[in-house]
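Reviewing the structure listed below.
Keep in mind it's a predicted model, so treat the numbers as computed, not measured.
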Protein chains: 2
Amino acid sequence: MLARLMDLFRNAGFDGASLSDISASTGLGRSSLYHHFPKGKEEIALQVLAHLEDQLEESLFEPMRSSGTPEQKLARMLDTVDRFYDGGKKACLLERLCASVDARRFRRPLHRAFMTWIDAVESLGVEAGIPPASARHRAEDLVVRIEGALVVCAGTGDTSVFARTIRDLRDSVLAPVSRG
Amino acid sequence: MLARLMDLFRNAGFDGASLSDISASTGLGRSSLYHHFPKGKEEIALQVLAHLEDQLEESLFEPMRSSGTPEQKLARMLDTVDRFYDGGKKACLLERLCASVDARRFRRPLHRAFMTWIDAVESLGVEAGIPPASARHRAEDLVVRIEGALVVCAGTGDTSVFARTIRDLRDSVLAPVSRG
DNA sequence: GTCTATAACGGGATAGAC
DNA sequence: GTCTATCCCGTTATAGAC
């Protein structure tokens, strides 16, 4: 159910998703929704966001801390990301919630989600022997490029930019430091 | 006036900007708005988008075709971008309109705006002697990273990522091809 | 818990006087 | 061109029966 809601918010954003949409996508009537989420739409979005954080932890971050070489773990992470965004065809919930009126409501979980992601990639870089400062910058860059590629693909309708971005990241994130 | 409307749509997005907001930000009453924009809110957004395209042409793309070394023109372009987004504090109208319900309404101008931008940077790379394919990829990458940095900054509230991204682009976009 | 019904409000859009 | 007044609809949210 939270999965279906996440799809909805990814497609429509917070402002674009109406209670009617939410009702249709869950099969629950208005009253049932307010039974489960007494504080209404904002609470629904926050729970969906919390669900995404759990999902990221389980499918992205936890595998990055388990066994394997940093290269293998990076490759697995990018595979998961590629599948999650369907090769650039699906939007990012984090980005969609950043772009909503009064995004301050979501700032704390959004900040946490981005930071956890960046931290995980940074650790991977450090594990691979990259100097901490460079590892940090590259980790930020990975998230920046994935989010940016999703925006450009959504705007142009061309997913090749996302595919190429993922491919580039595969090689560049853990490459030996020569130019940073 | 279109400038004020652009600020509004950059802040609130298409779905988040109500006619009341539009009325307040322009000082025009409802009827005056429909006098100037008979087809309502969608037409307003389209005209704001067209205004942005003009502005980009004048302040970004045209200077990139004028005199100066490619390095100088890239630096000027990034300076303008940095000012335009206020160092990462302000959102991008293109991204905001990508993230609205039924973004297909804006697909054509959005596609055109992104492509014109990418093309201009590509030309700069070719002018600097970079192989066409690499120049294209780097140009796409520049736009991707700028958009992505804006998203991450909006989500984390930390503009340092945008500042570092601009700094990196200054050096990397026209660097000699060694690793792509 | 879920339903039907409805309140209370704000949204986009129009009509007609001036 | 702008104003006042208004329509119609969708929105969030609540009440009360079952």
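In this structure a side-chain-to-backbone donor-acceptor pair under 3.5 Å is missing from B:Arg10 to B:Leu93. In this structure a side-chain-to-backbone donor-acceptor pair under 3.5 Å is missing from B:Glu58 to B:Gln55.
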Could you pull out every donor-acceptor pair under 3.5 Å between side chains of residues 30-37 of chain B and any protein atom, sequence neighbours left out?
| from | atom 1 | to | atom 2 | distance (Å) |
| --- | --- | --- | --- | --- |
| B:Arg30 | NH2 | B:Ser20 | OG | 3.4 |

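The bend of the helix from C:dG1-D:dC18 to C:dC18-D:dG1, defined by the angle between the axes of its first five and last five pairs, stands at 0° to the nearest 10°.
Straight-line distance from the CG atom of A:Leu33 to the P atom of D:dT11: 13 Å, rounded to whole Å.
Judged as a side-chain hydrogen bond (donor to acceptor under 3.5 Å, both in side chains), and not counting sequence neighbours, B:Asp54 has no contacts. Not counting sequence neighbours, the partners of B:Asp79 by the salt bridge (charged side-chain N to carboxylate O under 4.0 Å, His left out) test are B:Arg170. Scored by the ring pair (Phe, Tyr, Trp, His ring centres under 6.0 Å) test, A:Phe106 finds A:Phe14 as partners (sequence neighbours excluded).
One finds a salt bridge joining B:Asp141 and B:Arg145 here, because a Lys/Arg side-chain nitrogen approaches an Asp/Glu carboxylate oxygen to under 4.0 Å.
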Whether each nucleotide of nucleotides 3-16 of chain C has a protein heavy atom under 4.0 Å at its base (B), only at its sugar-phosphate (S) or at neither (-) is summarised, 5' to 3', as BB------SSBBBB
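Looking at A:Asp21 and A:Ser18, their side chains do bring a donor and an acceptor atom within 3.5 Å of each other.
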